[in-house]
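Comments concern the structure below.
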Amino acid sequence: MSAVSSSPVIERGTAASRIAAIAVAIIIALLAAAPQFLSAGAVDRMTALFIYVILAAMWNALAGFGGLVSVGQQVFFGLGAYFAIRLADAGLNPFASLFVSAIIVGLVSWPLSLFMLRLRNGEFAIGMWVIAALTHLLVNLDRLVQGETGTSLISLNVYDAGTRRVAIYWLALGSMTALLAILFGLLRGSTGAAIRAIRDNEDAAASVGVRVTGTKRLLFVLAAFGIGVAGALWLATSVTFQPKTYFNVQWTAYMIFILLVGGIGTFEGAILGALVFFLIETWFGGTGVWYLVGLGATAVLFSLFLPRGLWGTIEERFGLRLLPVGYRVRLPGNARADKGTDPSPERTTLDQEKA
Amino acid sequence: MSNQIIQGILLGGYYALIACGLSFMFSVMRIINLAHGSLAVFAAFALWWLASRFHVSPFVGLLIVLPLMAAIGWALQRFLLERSARGGALLPILTTFGLAIVIDNMLFEQFGADTRSLAPYIGSLSYDSWEWPGSIYVGKLAVIMFATAVILLGGLQLFLTRTRLGRSIRATSEDSDTAGLVGVDARRANAIAASIAMVTVGLAGAFLGMRATFDPYAGAPQLLFAFEAAVIGGAGSLWGTLVGGIVLALAQTLGAQVHPQGFLIGGHTVFLVVLFVRLSTSGLGLRGLLRLPSRSAS
C-alpha cells in the first residue's frame, strides 16, 4: 500500500498479527472448553504447561525486555507457595489464598527491588540467588513448615478431586491469559519503549528522560507477582509444600532453558519455548539425570550458536511478527514486499536490537 | 569464644581461596562464572577418583588435576566465554549457568548421590592439630589451607604487578582495544587469566574435599560462598578477598552459635548487610566493589 512512497514506513500490526490475534482468541476459547474432553492426567499436564508459560513470560519480561538476568527467581516461586500455605492455615479460603499470596509476593518484592536493582548483570544474577538461598533457610525456620519435612495445603481437600482439578486448570489458564495480556499491553505502551531503551543502553535511555529505576522496578515487581502466581498454582496442583522443591534453582534453570530455546526478548518466544520444554519434559523427563544434562547442554548450545532462540531466528529470517509489541521501520526498498512474510531480514527493525 | 574466632579466621582462608578465582575472572574478563562452584567440585571429584581408584595421594593428584584445570580454563575461555561475551553482558551468565547444570548432573551420573571426602586419603592430616596457648587446638589442615591462601593471593599480586605477562593481563582488563594497539594479544591474555583462575579453583576444590564432604550438587553453595567472600572483601585488592573470606567465615561461625541453621543464615546476612551499607554509602555498583586486583596495586 505504501509502495509509491519513498519515506520509511512505520508499522505495528501486520496481516499475520491480525490473523494471530483471532487465532489466539480461538485457542483460548478451545482451551477453556478442553477439560470437557481431556482425561484427568491430560488436564493436569495442561495446567503444568500454563504454569511454565507464566514462568517463562515473567522471566522474559525481566531478562529479555529489562536486561535483568536473575538466577534467584525461585524465591518468588517458593514464597508464592509458602504464603498460600500460611494464609490457608490462617483460615482463608484456599483458592483465595493463592491470589492473595501472589499479591503479598509482589508487595515483598517492592522493597527488595530498591536494593537489588542497584546491582548490575552478574552481580544481580547471583545476588538474587543469595536472596533465594536465605529465604529458603528462613522459611525452614517456620514451625508450620517443619524444615524440609514441609506441609500440605490440607484445606484444599474439602473440594472433591474432579472439581478441584478443573478449577485449578481454569485458574491457571485465566492467570496465564491475564498475565500475558498485562505484559502485552505494557510492552506495547510507552513503558514498553522505555523498557527496551533501558535494556539496550541504560545511560542513553536515562539521558533522554526514561525513568530507568521506576521502569525496572515495575518489571521486577510484575515478574515477582507473576512467578508468585505460578508458585501458588503449582502448590495447588501438587498440594504438598517442601521448601527444597519450591526454592530449588531448577525453576530458574527451566525459565532460562525455555527462553534460550524460544528466544529471549520476543513475546512469542516465551510461549513457543514453554511448549518445546513441555514436550521435551513429557518425552524425556523420565530419563532423570540425562534429561537435565540435555537441558543444560541445549541451553549452552543455543546461547553459543543461536542466541536469539527459535522464535528470534524465525522472526529475523521471515520478518514474521505474530504478537508485535514494538514498532518497525520499513525502508522504502522493503516496503513492496509482502508484509506478513518478508524474506529479507531487516536490520532496521527497532526492537530487534539484541536479546 | 576466642577458639571460635581462630577457627573462623582459618576457615576464611578456604573462602578466600575459592573466591580468588571468581573475582580474578570477573576483574579480567568482566565475567561472573556461574560454573565456578561446580568446577571446584569437579576438581574434588577428580582427586577423589585418583585416590580411591589408583591410590594417588590428593597432594600428588594435584600435579595431574591442576594442569587439567588450567587446560579446562583455557578451553572455557576460548570456546565458551569468548564467543558468548560477544552477545552482550547477559549471555555469558546464561552460558555458564547451563554449563554448571551439565557439570553437576554429569558428576551425579558418574558418581551417584553419595557424599565423598578426601579426608581418608590424607592420613592423619585430616585430624592432626597443634595446641596453642590457652588450650586452643588448631587443625594442621586448616593452617595449611590458610597459608596456601595467603601464598596464592600474594603470589598472584606479585605476578600481576611484577611480570610482563601479569601486566599484559592487567592492560587487557583495563582496555583490551588499547592494549591490543600496543601489542598485547588480548585473546591470549584472557585465556591465560582463565587458566590461572581455574588452577585456583582446583586448589579450592582440593581443600573442599579434604576439610569437608562434597557431593555432585555441592557446586552451588560454593559459588555463593565465593561470591559472598569476594563482595564482602571487595576493597579492590586480592587481600580484600582474604578479609572477605574471613568476615564470611566468622559470620557463619557466630551464626552457628546462635542457631543450628545459623551457619548459612549468618553468612548470607552479613553479605547482604555489607552490600547494603556499601550501596547506600558509596552509590557504587558491585562493579566498583569487585574492582580489579591490579588497580590498587599499580
Side-chain angles (χ1 to χ4, degrees), chain A residues 63-64 67-71 114-127 129-138 140-141 147 199-200 248-250 252-253 256-257 259-260 264-265 288-305 307-308 353-355, chain B residues 22 26 30-34 36 79-80 83-84 86-110 216-217 220-221 223-224 226-228 231 259 261-265 267-269 271-272 275-276 278-280 283-287 289-290:
Chain A
L68 295 160
V69 168
S70 157
V71 196
L114 298 176
F115 181 40
M116 297 310 290
L117 288 179
R118 300 184 65 173
L119 304 181
R120 298 287 184 99
N121 299 336
E123 298 100 16
F124 174 76
I126 310 192
W129 198 345
V130 173
I131 296 281
L134 180 61
T135 311
H136 177 187
L137 292 166
L138 294 178
N140 271 354
L141 294 181
R199 177 192 63 191
D200 293 341
N248 197 320
V249 71
Q250 75 173 30
T252 297
I256 289 177
F257 172 87
L259 264 305
L260 274 174
I264 296 177
V289 175
W290 284 115
Y291 160 70
L292 292 169
V293 172
L295 286 190
T298 312
V300 171
L301 291 175
F302 265 87
S303 75
L304 289 180
F305 299 106
R308 289 163 164 283
E353 287 294 81
K354 59 183 167 200
Chain B
L22 188 79
F26 179 82
R30 302 271 156 220
I31 282 170
I32 289 193
N33 173 16
L34 293 192
H36 185 84
F79 298 116
L80 247 60
R83 197 184 165 96
S84 63
R86 270 182 259 144
L90 300 179
L91 220 47
I93 302 174
L94 302 177
T95 315
T96 53
F97 185 64
L99 180 67
I101 295 172
V102 172
I103 295 174
D104 290 357
N105 288 291
M106 294 285 262
L107 288 175
F108 180 82
E109 183 60 35
Q110 190 62 40
Y217 297 108
L223 168 69
L224 295 188
F227 179 67
E228 289 173 342
V231 170
H259 189 275
Q261 291 216 31
F263 184 80
L264 293 171
I265 294 177
H268 294 329
T269 307
F271 162 77
L272 290 175
L275 199 58
F276 184 73
R278 287 264 172 77
L279 288 179
S280 51
L284 275 174
L286 284 194
R287 192 177 294 279
L289 302 178
L290 261 177

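Labels below follow one simple rule: chain letters A, B, ... track the order of the sequence lines, proteins then strands, and each chain is numbered from 1. Everything quoted here is computed from the prediction, not taken from an experiment.
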Please evaluate residues A:Phe115 and B:Leu272 with respect to the criterion side chain to side chain contact (heavy atoms under 4.5 Å, CB included), reporting the C-alpha separation (whole Å), side-chain torsions for both, the decisive distance (0.1 Å), and the verdict.
CA-CA 10 Å; A:Phe115 181 40; B:Leu272 290 175; 4.0 Å; yes
Counting heavy-atom pairs closer than 4.5 Å to chain A, which one of [options] comes out on top?
options: B:Val102, B:Asp104, B:Ile31; result: B:Val102
options: B:Leu34, B:Leu99, B:Leu80, B:Thr269; result: B:Leu80
options: B:Asn33, B:Thr95, B:Thr96; result: B:Thr95

Where does [X] contact chain B at under 4.5 Å (heavy atoms): side chain, backbone, both or neither?
X: A:Leu259; result: neither
X: A:Val71; result: side chain
X: A:Leu137; result: both
X: A:Ala253; result: both

Interchain contact, [X] with chain A, by part (heavy-atom threshold 4.5 Å):
X: B:Ile103; result: neither
X: B:Leu223; result: side chain
X: B:Phe97; result: side chain
X: B:Leu264; result: both

Where is the tightest heavy-atom contact between [X] and [Y], given as atom of each residue plus distance?
X: A:Pro307; Y: B:Leu91; result: CB-CD2, 3.6 Å
X: A:Glu123; Y: B:Phe227; result: O-CZ, 3.8 Å
X: B:Gly98; Y: A:Val300; result: C-CG2, 3.6 Å

Can you find a heavy atom in the side chain of [X] that is under 4.5 Å from one in the side chain of [Y]?
X: B:Phe79; Y: A:Leu304; value: no
X: B:Ile265; Y: A:Leu141; value: yes
X: B:Ile101; Y: A:Leu295; value: no
X: A:Ile126; Y: B:Ile93; value: no
X: B:Phe108; Y: A:Leu292; value: no
X: B:Leu275; Y: A:Val130; value: no
X: A:Asn140; Y: B:Gln261; value: yes

So, B:Ser84 and A:Ser303: side-chain donor and acceptor under 3.5 Å apart, yes or no?
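Their side chains do not contain a donor-acceptor pair, so the 3.5 Å distance test is not met.
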